[in-house]
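To start, the structure under review is shown below, and the notes come after it.
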Protein chains: 2
Amino acid sequence: MGNPPLGGDLSRLRQLNALSTIRALRGSAPATLSALSARTGLSRPSLKEVVGELTSLGWVEEVPPTSGGMGRPARRYRFRADRGHLVGIDIGAHNVRAALSNLDGTVLAETRQAVVPETPVRERMEAIGRAVGGCLALTGLTMADVWTVAVGTTGIVTPEGVVTYSAGIPAWTGLDLAGLLGAMFPCEVLIENDSRLAALAEARRGVARGARDVVFLHVGRRMGTGLIIDGKLHRGFGAAAGEIVMLPQARWFDAPDHLNNCPVVPEGTPVEDAASHTLAAARDGDPAALAAVERYVDDLAVGVAAIVLVLDPEIAVLGGGFSRSADVLLPPLRRRLEAVCLRMPELRASTLGDECVVFGAIDHAVDHLDRQLFTADSGTSLPVPLTRDAVSRS
Amino acid sequence: MGNPPLGGDLSRLRQLNALSTIRALRGSAPATLSALSARTGLSRPSLKEVVGELTSLGWVEEVPPTSGGMGRPARRYRFRADRGHLVGIDIGAHNVRAALSNLDGTVLAETRQAVVPETPVRERMEAIGRAVGGCLALTGLTMADVWTVAVGTTGIVTPEGVVTYSAGIPAWTGLDLAGLLGAMFPCEVLIENDSRLAALAEARRGVARGARDVVFLHVGRRMGTGLIIDGKLHRGFGAAAGEIVMLPQARWFDAPDHLNNCPVVPEGTPVEDAASHTLAAARDGDPAALAAVERYVDDLAVGVAAIVLVLDPEIAVLGGGFSRSADVLLPPLRRRLEAVCLRMPELRASTLGDECVVFGAIDHAVDHLDRQLFTADSGTSLPVPLTRDAVSRS
């Protein structure tokens, strides 16, 4: 029920250690002080003090000793991930997805509802409400248990949560999404571009897990990218980073037409299903389909090469609808990148699939929780505490 | 004489405060504990302890009180920036520059020597030795007073300091520059691409001072870029970031030809002076020169737009030889970027001029000193100490 005043109750230096300890405990099995000492680099006496304080504040609890074994077992501690909950929402053109997690980011429930690009704003908002309501019903929780709602949506989103442009959801362009969702949910609401959240999910729990510099490439009927730089979601100064799709020379807006307009697509196929026919035929060696794939990858590769040359990422992850045909797309993409890139990143296909945005929304909410507890003073690179006011619900 | 064992002598938490205090003192006038408390957020008792320890280790000293005024003056402290020295070197195709600074990064002496692109490796190395020797002679110091030599050079440099390609200095391609300079100087040697160091200088002491996300554009006979992301020099996973020049669609390799081959260039003008004639004629309104500038900026803008769309930087700085004609180049560049970029960065012309690389090398050495004292544990975002070994000279 609401965030505890961790920022206010601990001294500044202990807060540093407390955050380090919480991060070491989060998402892992209960740990002894010795194990925590190895993970954090803190001394046992310091850890004992920190763990004691975190326990009294309700963030950490001792786990009953397991039976068996000789002698007195060492005390083990765990992060109380059930103290609060987080909701992630993916607002797409064709689906609204929601997920509910604990403070570890462990997903406890998920819902999905079909919509169409033309669904009016009011009905799409109602679908969002039902998607979240479904997650609450599945877990027996209420909105009072939810600390943060993080939302990913197709389109360009300002830092204030206004959608300035959305090709995928025409009615979204110009919408004050933060205002609408803020009125709907009685907790903090974060709004971000969906490809950025997908990039975060890949770096935290997907095929790029552990990498510091990651490019996520959403390939499908629409194209988008998300960047993780030095382990963090990169938004850019005006939240406009990653929009290489706007570069005319990259020809990304029209690239999917090469797949949609291939002769192998049966007459009468809806445009949203066309590309899958071409990709399947290319996998089977059809010459017309293979030629269409080559033309598509010609265009795709210009934008990808631009991103790779600018950033030199460790890993590039192919996601989005077309990434189900990564076996068809990655070899020709790799050939083109090898011809121009100074250093080739690893190319991998997403395994999170359609859930990458909603998982990324959860991961974004977990990161936000960290920032709420402590934030970095950019002048000194040292974390400094936030006051109670900043930690409380907005 | 050698780095003191700051990493080994202070407890972990005090090290955090010590680094914060050193950063607050560095490059500023002597400060009282109250002033330091305002800058660092540390309490006066904590600061008193930290300043005492830093004083006993020789990093900080008390400054004699100024006379005049009523009552007992507050004690003031300063960072002992004269405890060691740093050398920056810019190895260019036409010049070798060196600068010597104290640990604040305040430049005390500079030298420059002319070379030519064809100067053999051995003679260029001798020029480097003379450039540094000149700085030592100007300040009455010896190499034993120098803790770090940071070098910027034209070309692509591996993390190990090998130049894999240099269009500007043909003999540089394939050279183990780290090996050669390591044999020449009895201290740590850092090697980096020159445009990256120029970007760092612009963000630390140039027209982008204080900005967190900066793109430096070297425009001249050769083109190059350097990126500052979240306040740090961005190298990329394999030190290959910023090389948009390799993107064929950007046409950066041939772009200067538009300026070199303009009819306004007098017959017999050496190619290295040709562009300045065209840029000057364009400033005077010559139609042929203006048309050549438009074609040049057409090409320049593709690569700049790609970088801006990927990163969404706060500021883009135009540096390099052609940036002396920024008044001619920036308006048409701005028009083209406005047509494709979602958000326009500020465009500014460098004011550091030919010294930007050597200043950036000094700033790089200062950053390296910070990292030597303490380094960030990427798993926890908390600084952790290095051992005495890591702090000693390599």
Side-chain angles (χ1 to χ4, degrees), chain A residues 12-14 16-17 19-20 23-24 39-43 46 156 164-165 211-213 225 227 229-232 234-250 302-303 305-307 309-315 340-343 345 376-384, chain B residues 12-14 16-17 19-20 23-24 39-43 46 156 164-165 211-213 225 227 229-232 234-250 302-303 305-307 309-315 340-343 345 376-384:
Chain A
R12 177 156 182 268
L13 295 177
R14 282 184 189 154
L16 300 178
N17 291 345
L19 182 59
S20 176
R23 286 180 176 163
R39 283 181 217 166
T40 60
L42 296 171
S43 69
S46 295
I156 296 162
T164 51
Y165 176 74
R212 305 288 297 169
D213 293 295
T225 66
L227 311 175
I229 300 181
D230 203 18
K232 289 185 290 191
H234 181 74
R235 262 184 208 84
F237 185 70
E243 295 292 352
I244 197 74
V245 68
M246 303 299 287
L247 189 74
Q249 286 77 11
V302 175
I307 300 170
L309 286 168
V310 170
L311 290 180
D312 185 21
E314 180 175 358
I315 300 175
V340 296
C341 292
L342 281 171
R343 195 195 66 80
D377 173 352
S378 60
T380 63
S381 298
L382 293 178
V384 296
Chain B
R12 177 157 183 269
L13 295 177
R14 282 183 189 156
L16 299 178
N17 290 346
L19 182 59
S20 174
R23 285 179 176 164
R39 282 181 218 167
T40 61
L42 297 171
S43 68
S46 295
I156 296 162
T164 51
Y165 176 74
R212 306 289 296 168
D213 294 296
T225 65
L227 311 176
I229 299 180
D230 203 19
K232 287 185 293 191
H234 180 74
R235 263 183 207 84
F237 184 71
E243 295 292 351
I244 196 74
V245 67
M246 304 298 288
L247 189 74
Q249 287 77 9
V302 176
I307 300 171
L309 285 168
V310 170
L311 291 179
D312 184 22
E314 181 175 356
I315 300 175
V340 296
C341 293
L342 282 171
R343 196 195 67 80
D377 173 354
S378 59
T380 63
S381 298
L382 293 177
V384 296

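By convention in this document, chain letters (A, B, ...) are assigned in the order of the sequence lines, proteins followed by strands, and residues within each chain are numbered from 1.
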At a heavy-atom distance under 4.5 Å, which candidate from [options] has the highest pair count against chain A?
options: B:T164, B:I156, B:I244; value: B:I244
options: B:K232, B:R235, B:Q249; value: B:Q249
options: B:G231, B:C341, B:P313, B:A241; value: B:A241

Check your understanding: What's the shortest heavy-atom distance between A:V340 and B:M246, and which atoms?
Key -> O-CB, 3.7 Å
Practice item. Taking all heavy atoms of A:L342 and all of B:A240, pick out the closest pair and write down the distance. Key: CB-CB, 4.1 Å
Point to revise | Largest heavy-atom contact set with chain B, pairs under 4.5 Å, which of A:A305, A:G238, A:A239, A:G242 | key: A:G238
Point to revise | Residue that, paired with B:V310, satisfies side chain to side chain contact (heavy atoms under 4.5 Å, CB included) out of A:L247, A:T225, A:L309, A:V310 | key: A:V310
Check your understanding: What part of A:A250 is in contact with chain B, defined as an atom under 4.5 angstrom from a non-hydrogen atom: side chain, backbone, both or neither?
Key -> neither
Point to revise | Residue part contacting chain B, namely of A:I315, when any heavy atom lies under 4.5 Å | key: neither
Review point. Do B:L311 and A:L311 have side-chain heavy atoms sitting under 4.5 Å apart?
Key: yes
Practice item. With the side chain counted from C-beta on, respond yes when A:D213 and B:H234 share a heavy-atom pair under 4.5 Å apart, and no when they do not. Key: yes
Point to revise | Value rounded to 0.5 Å, distance of CG in B:L227 from CD1 in A:I229 | key: 8.5 Å
